[in-house]
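Just below is one structure, and these are the notes that go with it.
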Amino acid sequence: MKKIINEPQNAVPEMVDGLVRAYPQYLERIPGSEAMVRSDKDSMIGKVGIVSGGGSGHEPSHAGFVGKGMLSAAVAGQVFTSPTPDQIYAAIKAADHGKGVFLVIKNYSGDVMNFDMAKDMAELDDIKIKSIIVNDDIAVEDSLYTQGRRGVAGTVLMHKLVGAAADQGASLDEIEKLAKAALPHISTIAVALSAATVPEVGKPGFTLADDEIEYGVGIHSEPGYRREKIKSSKKLVSELLAKINQEQHLDPKHQYAVLINGMGATPLMEQYIFSHDLLDQLETQNIKPVFMKVGNYMTSIEMAGISLTVFELADSTWLKYLNYPVETIAW
Amino acid sequence: MKKIINEPQNAVPEMVDGLVRAYPQYLERIPGSEAMVRSDKDSMIGKVGIVSGGGSGHEPSHAGFVGKGMLSAAVAGQVFTSPTPDQIYAAIKAADHGKGVFLVIKNYSGDVMNFDMAKDMAELDDIKIKSIIVNDDIAVEDSLYTQGRRGVAGTVLMHKLVGAAADQGASLDEIEKLAKAALPHISTIAVALSAATVPEVGKPGFTLADDEIEYGVGIHSEPGYRREKIKSSKKLVSELLAKINQEQHLDPKHQYAVLINGMGATPLMEQYIFSHDLLDQLETQNIKPVFMKVGNYMTSIEMAGISLTVFELADSTWLKYLNYPVETIAW
Amino acid sequence: MLTAENTQEWMNKFYLKIEQNKDYLSELDTPIGDGDHGNNMMRGVEGVKQGLAQLQDPDLKTVLKTIAMGLISKVGGASGPLYGTAFLEMAKKSSDTQDINQLIDVALAGIKKRGGATEGDKTMIDVWSPVAQNDTITQQVIDDAIASTKDMLARKGRASYLGERSIGHLDPGAVSSGYLFTALLETEGTL
Amino acid sequence: MLTAENTQEWMNKFYLKIEQNKDYLSELDTPIGDGDHGNNMMRGVEGVKQGLAQLQDPDLKTVLKTIAMGLISKVGGASGPLYGTAFLEMAKKSSDTQDINQLIDVALAGIKKRGGATEGDKTMIDVWSPVAQNDTITQQVIDDAIASTKDMLARKGRASYLGERSIGHLDPGAVSSGYLFTALLETEGTL
Ligand SMILES: Nc1ncnc2c1ncn2[C@@H]1O[C@H](COP(=O)(O)OP(=O)(O)O)[C@@H](O)[C@H]1O
Ligand SMILES: Nc1ncnc2c1ncn2[C@@H]1O[C@H](COP(=O)(O)OP(=O)(O)O)[C@@H](O)[C@H]1O
Ligand SMILES: [Mg+2]
Ligand SMILES: [Mg+2]
Ligand SMILES: [Mg+2]
Ligand SMILES: [Mg+2]
């Protein structure tokens, strides 16, 4: 393991400290916790609070999206480990300004349970809580009898939507409705070229040969659906886009937003080349995205790879929410 | 070499294409070239144009900084290779709106000569040209008899300064004065954990053992000043900060801006930990930066490592320029 | 019968087992999870230790609640809320009874409710449930229960993402639960 | 004496040498540069080839200018402007003389002016200059000139960042310039 760190077990508190001190104009650490709240408190008054978070290792998620127009607070758990209820509860308290708090949770058993316990604690304080469980990763078959699909990069688009709505004064119920309506239209699928190493573990979560890739890997080194020899960018795009098409049946009559997300170690050069091939192939389906982002938004520490998120803008307000101006470190 | 690319020789044109098509609201490709100009043309009218560029592989530099308040146009050469004069000339033409064009050049023989030839071409069209040659990398001893110091991450701060001044209507002479005044106050020093692989070369520019790092490496795999076993983040900060102190003699009476720059494959987690240690150590010198950025701004493809830029804000307007709002993909 | 004293002894023994097997638990969590179960549990037993050290002459309920809070606020992940809920339920029930079998029953019910999993889903439940069903806990019962998770297909937790490929690996939470019950067995005067 | 015809032949031979040694040039550029000299020169000779193919019955000046433009617009890096300037200066001078020695003299002057380097700085100049100084170009002169760069300490170009450590490596631009002059030697009727 070759990393710019000190003691592995201090990675998260030191990271949070380095982040809030570098960006005091955006973030404030909630004392005694690894949770961060918006510094610009005035921008939260009279509005529903939006709280997200999860394990660390996905930077700039989630704290990088805290700021006017997006998240009110974010909680950073241990690396790849859901934060504990007391930390989430602290974030909820800091984000609440009387209009209730909306939680954006990724669908992992740990996150779901810890956020649930935090919700119970907050409700004892009479804070109104609603939530959405994001499960955009189409790599794994969905089923009622299993954990279901994972929450991955599409979560960032969810943050953007509900953050914009909250900033414009939407009520807690309206925000829940928006989140529920948008969720089934967000699909993500990834390809990994190399794995991430959790500092406290010291070795990579899986190993790929020098010429191997794996489709469908999750953001915590969860296994994907197929291993193959490395392919050209064009062929990677074909594979991932075919999966998206199976799920969403992309249609030129609809409008789409696209997020190309680098997993951490993949340079922008490769992400832009992937963008080129994606736009070419979408063009053959007569589709031209109306909104696009390319960069590192939901990473997996230093994993190399890319995820592709396609979001069908079934409601015309959603594009407005995506384009709504925000003041954050990383959007 | 494991990269998301197609034919290596097409990496740059495909990358430029994928970038401008993803971000049409910011960028337009200048036909027949790998140069890009601001889409929001109105914002350039009546103002000095700012043109930068260099070899590709430093994304989001330079096109990521094209937009209102920052660069007017950027030129993307082959990977790690200065762009050719005709391309730079095309960018100058697109950026010129009668008030002249200011060139931000990094101090490499190739860049200096190609920009020089482009300048000659543009002057034949009666376009007024001034320029600054950025040489912020303090890893290499400066000398009149050599190439001198390299231009690295501090270049991005130079873009920000001159871009803000231009947007506020500064004249070409004023911009040159500003750039010349700021330049000696910008110092950068890097540490590498692994090297970059140029797609057309297919193997890394240098090799470091699993536990080795190298101080002072440039952004094109140029060698640094010392190789050592990997150290803790605290110790890396001590080493780099000592170099900066040797150069700038940091003084609590002065104000400083700091840029912590990821070289491409180094995750934000490590950059934030580095930020934590840097701020701790600056504190022992009674220094608290008044402006900070942490992230991937001037990368070296997928090199792992970090550079530290310290900019002494000797003139009070410089902080205002750094904080001046911009509309770009990556600032 | 659980008492404030033997419960603290139980936790000391559990601490040592987790400390000793931290890396092994994380290794078990690598092929079918995310490799953190050992670190998660280690933070948890550290939290419990610190919490218990601050108590002066506590009653059983306070001990159990302190264990629960230590686990809930330090473990995180999936196992934190589950272990935490287990001890929280035991704390509640300890006003009525100190009988270990009855306490394990309510703990198991809490785990099932919190995580929505059931027997055969390849989770810690597949150790808690056989232990709860047997009137006398033996090392054999524990070992068999742990071993039984190997051939199961995971339907809850991270391992479920693997589908068929989860078969052939022990469940890390089952193994750490095994340590908990072995520690209990080794604690004098508990059963 | 250079003519439109033999200059095109010269470029064909230069093309083949670069094509054959592309990887070698990039390898030379790796320890003391950025590993791209072979690719840079390959793009350049491709550009020259394409430019020349479009000419119909050109005169020498047009041929030299086309070579210059091909190099300037395709090579980039440090070597592009330098090789480009060399041929641009030759093109200008070709109105006065077709004598190869005089043309190389002006080319060398152009390289020096453009890059600010001089003899002994471990650059292509250390091949151009001995070739210019000798009335008759021989393979020996070329080879000696190339070899001489090995022990030099680089003072210009990327290699200069290495200081002392640049010693012991051939300069890639000197080697590619060697190919240019060997190609010239092999071109009938040039000398
Ligand atoms: N829904 C659930 N019900 C019961 N136990 C579960 C559930 N989900 C996960 N587990 C248990 O938690 C263990 C994993 O814990 P841990 O690795 O600490 O958390 P995470 O999976 O969040 O990384 C699994 O081995 C399994 O025994
Ligand atoms: N100032 C200079 N004057 C003369 N030759 C130079 C100068 N700078 C560099 N060179 C030559 O250019 C060669 C490197 O060319 P190349 O690798 O194509 O460009 P870059 O250094 O920009 O990557 C060097 O080997 C050297 O011969
Ligand atoms: Mg985990
Ligand atoms: Mg180069
Ligand atoms: Mg785990
Ligand atoms: Mg080179």
Side-chain angles (χ1 to χ4, degrees), chain A residues 2-7 10-11 14-19 21-23 56-57 59-60 64 79 191 193-194 196 199 208 210-213 230 232-234 236 258 260 264-279 289 292-296 299 301-302 304-306 329-330, chain B residues 2-7 10-11 14-19 21-23 56-57 59-60 64 79 191 193-194 196 199 208 210-213 230 232-234 236 258 260 264-279 289 292-296 299 301-302 304-306 329-330:
Chain A
K2 207 181 194 179
K3 284 181 190 281
I4 302 176
I5 56 172
N6 300 299
E7 292 305 312
N10 297 335
E14 289 182 357
M15 168 180 87
V16 169
D17 179 83
L19 174 59
R21 283 162 80 191
Y23 292 103
S56 290
E59 295 69 33
V79 180
V191 61
L193 279 67
S194 74
L208 289 170
D210 274 355
D211 60 350
E212 261 182 352
I213 55 163
I230 174 91
S232 68
S233 168
K234 283 188 215 314
L236 297 181
V258 164
I260 294 174
T266 288
L268 283 173
M269 177 186 285
E270 297 175 34
Q271 299 180 41
Y272 294 145
I273 291 173
F274 185 95
S275 159
H276 160 82
D277 293 318
L278 176 74
L279 291 169
M292 244 185 115
K293 280 248 175 203
V294 187
N296 297 355
T299 62
I301 324 180
E302 80 283 53
I306 270 184
I329 298 167
Chain B
K2 208 179 193 180
K3 283 181 190 282
I4 302 176
I5 56 170
N6 299 300
E7 291 304 314
N10 296 336
E14 289 182 357
M15 168 180 87
V16 169
D17 179 83
L19 174 59
R21 283 163 79 191
Y23 291 104
S56 291
E59 296 67 33
V79 181
V191 59
L193 278 68
S194 74
L208 288 171
D210 274 355
D211 60 351
E212 261 182 352
I213 56 163
I230 175 89
S232 68
S233 169
K234 283 188 214 314
L236 296 181
V258 164
I260 294 175
T266 288
L268 283 173
M269 176 185 286
E270 297 175 34
Q271 300 180 40
Y272 294 144
I273 291 173
F274 185 95
S275 159
H276 159 82
D277 293 318
L278 176 74
L279 291 169
M292 243 184 115
K293 281 249 174 202
V294 187
N296 298 354
T299 63
I301 325 180
E302 80 283 52
I306 270 182
I329 297 168

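Keep in mind that the numbers below use all heavy atoms, side chains included, and drop hydrogens, waters and symmetry copies. Just so we're on the same page: letters track the sequence lines, and every chain starts at 1.
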(Q) How long is the straight-line distance from CG of B:Leu279 back to CG of A:Asp17, given to the nearest 0.5 Å? (A) 7.5 Å
Q. Does the B:Tyr23 side chain pair with the main chain of A:Val294, one donor and one acceptor, at a distance under 3.5 Å?
A. yes
**Q.** Flag side-chain contact, heavy atom, 4.5 Å: B:Ile4 against A:Ser233
**A.** yes
Q | chain A contact via B:Ile301 - side chain, backbone, both or neither, heavy atoms under 4.5 Å | A | both
Q. Side chain, backbone, both or neither: which part of B:Leu278 has a non-hydrogen atom closer than 4.5 Å to chain A?
A. neither
Q. Which region of A:Ile260, side chain (C-beta onward) or backbone (N, CA, C, O), has a non-hydrogen atom less than 4.5 Å from a non-hydrogen atom of chain B, or is it both or neither?
A. neither
Q: Check each atom of A:Pro199 against the heavy atoms of chain B and say whether the ones under 4.5 Å are side chain, backbone, both or neither.
A: side chain
Q | Option that, when pairs with chain A are counted at under 4.5 Å, heavy atom only, ranks first among B:Met292, B:Glu270, B:Lys234, B:Glu59 | A | B:Glu270
Q | Heavy-atom contact with chain B under 4.5 Å, split by part of A:Ile230 | A | side chain
Q) For A:Leu236, is it the side chain, the backbone, both, or neither that has a heavy atom closer than 4.5 Å to a heavy atom of chain B? A) side chain
Q: Count the heavy-atom pairs under 4.5 Å between each of B:Asn296, B:Asp210, B:Leu208 and chain A, then report the option with the highest count.
A: B:Asp210
Q: Identify which part of A:Val258 has an atom lying under 4.5 Å from any heavy atom of chain B, answering side chain, backbone, both or neither.
A: neither
Q) Does the side chain of A:Lys3 come within less than 4.5 Å of B:Ile273's, by heavy atoms? A) no
Q: Starting at CD of A:Gln271, measure out to CG of B:Leu19 and round the result to the nearest 0.5 Å.
A: 11.0 Å
(Q) Please classify the contact between A:Asn10 and chain B as side chain, backbone, both or neither, with a heavy-atom cut-off of under 4.5 Å. (A) neither
Q. Where do B:Glu14 and A:His276 come nearest, in terms of heavy atoms and distance?
A. O-CB, 3.3 Å
Q: Name the member of A:Val191, A:Ile213, A:Asp277, A:Thr266 that forms the most heavy-atom pairs with chain B at distances under 4.5 Å.
A: A:Asp277
Q) Is the shortest heavy-atom distance from the side chain of A:Met269 to the side chain of B:Val79 under 4.5 Å? A) yes
Q: Could you pull out the closest heavy-atom pair between A:Ala22 and B:Ser275, with the gap in Å?
A: CB-OG, 3.8 Å
Q: Using modelled atom types only, decide if a donor and an acceptor are shared between the side chain of A:Ser232 and the backbone of B:Asn6 within a distance under 3.5 Å.
A: no
**Q.** Minimum heavy-atom distance B:Glu302-A:Ala265, with the two atoms named
**A.** CB-O, 4.0 Å
